[in-house]
Structure formats: structure tokens, C-alpha cells
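Report on the structure given below.
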Amino acid sequence: MTVADTALGPVKPGLPLSIFDSVHVGIDEFGLPVRVPLIWRNLLIGGEPGAGKSALLNVLVAYAALCLDCRLILLDGKQVELGQWRKCADAFVGPHIVKALALLSRIQTMMDNRYAYLLDCERRKITPQDVFTAYVVAIDEIAYYSATTGDKKQREEFASLLRDLVARGRAVGIIVIAATQRPSSDIIPTSLRDLFAWRFAGRCTNDSSSDIVLGHGWANKGWTANAISPNNPGAGLLIAEGGSPQLVKTAYLDDRTCAAIAAYAGEMRATATADRPRLRSVPSAA
């Protein structure tokens, strides 16, 4: 049986989390909890190095790892930001553009197959009781794959595949969480940014970079991540689709905590996979 070892002895696990519930990501300026719904949405994280973008990304991946109703796909150009979660993931790709392209192409094919299934069922999106589970696709760092490694054709193909997953994947349970420390127009064009329902801007070097993440015009309204102190990592502006920015201090998991959660989640997922029936009933059309 899966257990968590503590100073007081082994503790049996409680109920697994669900990707259909909102995720606690931190607190607002009044100390109140801030929660973000991920299902049927995507999230973009941007900010200069040291702004805390990787901390938020790890919090979200940790939550997804503990959800038995979703699977993990991880792409990490540095390998170490998301590497601790690789044993919880269905796929993990490091600094290898060819493997990254092959993986995104497979996800794109799966997305098309899921839409064909929903069309046959005369439905528009998946539900918690569906025949297939959600996928969380976490990427750190966008710029590595879309602007640094490989040749121009490969980088453009990566950007195109990513845009398609963000644009069409939500309804079939494909959730993209993408982070970059280079919030510039060549990395995050407006056409891509506006597809992310949730956007988080950690400290940026200028108002323009802040607007690239949050949306054009917010700096002129007084909302700019350039005003965040460099001595306050993890603080940033969070905006939801159609909403206004709010100042948030993100939660933080240190390496030891991430490793413990990853080990626990890996064992929990392995146990659940062994106990899961091979076939599940197909839900009736809704």
C-alpha cells in the first residue's frame, strides 16, 4: 500500500486530487488563497530569470502528478526544472528538438482522434466520467524549442504544433502550461498569447515584456510586472480570460519537497494503473 513516511510514522493516503478541481497557486495581497481552474484552459507563465516562474510551474505539475484523472507530458530544455517529475510522466523530453516534435505530433494526433470521438457522440467537450483522461502538457522553456535549438524549420514546426494544441486542445482535456524567461514578441506572439485563458507575469525587465504576457495596454493602466521588486521572487500578476490582473505571491516547493511528492505520486499512479480495468464503458451521447 502506498504510504507517506513522517516523523510520526507512516500515513495512509487520502483521496487523490482531481484535475477538474481548482489548483491552489498562492495568496493574494490580502493573504487570501488564490486558486486556478486548469481543465478546459491553458496557462502561460513569463518573467525574467529568478522571478519565480519555475516555482509556479512546479506547483502546478505537482498538483497534476497527484491527480489520477490526468496524465503528464513534460518538455524541459534544461532537464532539471521538471526532471524530478519524470517518473510520474507518460513522456519526458529534454533538450532534443526532434523528440519534442515527435511527441507534440503524437499529441496532435490524439487530439484529432478525441474530437472525432466527441463528434460521433454529439458532444463538445470531455467530462470527469469520460472514456479518456485529461493530459497536462508542461513546457519549460518555450524559447529553447521555438527560438534556440535545431534549425529554422524545426523551430517553426514546434511553434506551429504548440499553437495548435493551445488553440484546439482545451475541449478534449489537453491542458498546456508553458513557461518562458524571454517574454518577447518573437517567442510569444499576440496570436499565441491570447489563446491562453490564464497568464502569469513574474517580474519583467520592462513594461513591454509585461504586456506581452498579460496583454497589450495593461502597463498604461498601472498593471506592470516591471514594478515588482527583484527581491520578491514568486510575486507576479495573474490574469484570467476577460478579467483584470491581480497581485499574487505563488506557493513554493523546494527540491526536497518536490522529490517527496514525486515519489509519492509515482507510487500512487503505479498502484492505480495496476488496479485499473483494461476496458471502460463508453458514455452515452449527451
Side-chain angles (χ1 to χ4, degrees), residues 1-25 35-41 43 54-76 79-94 99 103-104 106-107 109-111 113-114 117 125-140 169-170 172-177 251-283:
M1 176 180 290
T2 302
V3 297
D5 291 324
T6 71
L8 299 177
V11 178
K12 295 181 180 180
L15 295 175
L17 303 178
S18 172
I19 200 64
F20 287 85
D21 294 332
S22 296
V23 184
H24 175 84
V25 297
R35 294 182 173 87
V36 171
L38 288 181
I39 193 67
W40 306 309
R41 295 167 178 86
L43 190 145
S54 294
L56 176 57
L57 184 61
N58 272 279
V59 167
L60 297 170
V61 171
Y63 182 91
L66 293 169
C67 296
L68 295 183
D69 55 359
C70 87
R71 297 183 177 184
L72 274 176
I73 301 292
L74 306 177
L75 294 91
D76 182 1
Q79 301 190 79
V80 295
E81 295 295 350
L82 298 176
Q84 289 179 303
W85 308 102
R86 64 191 184 279
K87 294 182 180 179
C88 304
D90 282 56
F92 176 86
V93 171
K99 291 182 179 180
L103 179 58
L104 293 190
R106 287 171 54 197
I107 300 173
T109 300
M110 177 184 69
M111 175 178 67
N113 291 339
R114 288 187 171 195
Y117 168 83
K125 63 182 181 181
I126 70 167
T127 66
Q129 297 79 30
D130 226 311
V131 68
F132 39 65
T133 57
Y135 273 80
V136 170
V137 181
I139 305 171
D140 187 82
R170 299 193 304 172
V172 292
I174 298 174
I175 303 160
V176 177
I177 305 172
Y252 175 72
L253 302 173
D254 60 24
D255 287 350
R256 182 178 180 182
T257 303
C258 284
I261 295 174
Y264 177 78
E267 187 175 348
M268 182 176 66
R269 283 172 170 268
T271 302
T273 300
D275 295 340
R276 187 180 298 140
R278 291 183 178 272
L279 296 177
R280 298 173 63 184
S281 59
V282 178

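Worth saying up front: this structure is predicted, and the values here are computed from it rather than measured. Counting begins at 1 with the first residue of the sequence.
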Using a 4.5 Å cut-off on heavy atoms from C-beta on, say whether the side chain of M110 contacts that of Y135.
yes
Steps toward side chain to side chain contact (heavy atoms under 4.5 Å, CB included) verdict (Y252, V59):
CA-CA 7 Å; Y252 175 72; V59 167; over 6 Å; no
V136 versus I73: any side-chain heavy-atom pair under 4.5 Å?
no
Taking the side chain as everything from C-beta on, heavy atoms only, tell me whether L60 gets closer than 4.5 Å to V25.
yes
Assess the side chains of S18 and D69: does a donor N or O sit below 3.5 Å from an acceptor N or O?
yes
Could you pull out the closest heavy-atom pair between L57 and I177, with the gap in Å?
CD1-CG2, 3.5 Å
Without swapping roles, check the side chain of R170 against the backbone of R41 for a donor-acceptor pair under 3.5 Å.
no
Measure the shortest side-chain to side-chain distance between V131 and Y117 over non-hydrogen atoms and say whether it is less than 4.5 angstrom.
yes
Audit row: S22, V36, side chain to side chain contact (heavy atoms under 4.5 Å, CB included) steps and yes/no
CA-CA 5 Å; S22 296; V36 171; over 6 Å; no
Closest heavy-atom pair, W85 versus C258, reported as atoms and distance to 0.1 Å, is CH2-O, 3.6 Å
State, yes or no, whether a side-chain contact exists between I126 and W40 at a heavy-atom distance under 4.5 Å.
yes
Has the side chain of Q84 got a donor or acceptor atom that lies under 3.5 Å from a matching backbone atom of D255?
yes
Hey, does the side chain of N58 reach the backbone of L82 with a donor-acceptor pair shorter than 3.5 angstrom?
no
Would you call L103 and V137 a side-chain contact if the rule is heavy atoms closer than 4.5 Å?
no
Report yes or no: does R269 contribute a side-chain atom to a donor-acceptor pair with the main-chain N or O of G266 at less than 3.5 Å?
no
When you measure from the side chain of T271 to the backbone N and O of E267, does any donor-acceptor pair fall under 3.5 Å?
yes
What I'd like to find out is whether the side chain of I174 reaches to under 4.5 Å of the side chain of I107, using heavy atoms alone.
yes
Below 4.5 Å, heavy atoms only, C-beta onward: do Y63 and L17 meet side chain to side chain?
yes
I need the minimum non-hydrogen distance between I19 and C67, along with the two atoms involved.
N-SG, 3.5 Å
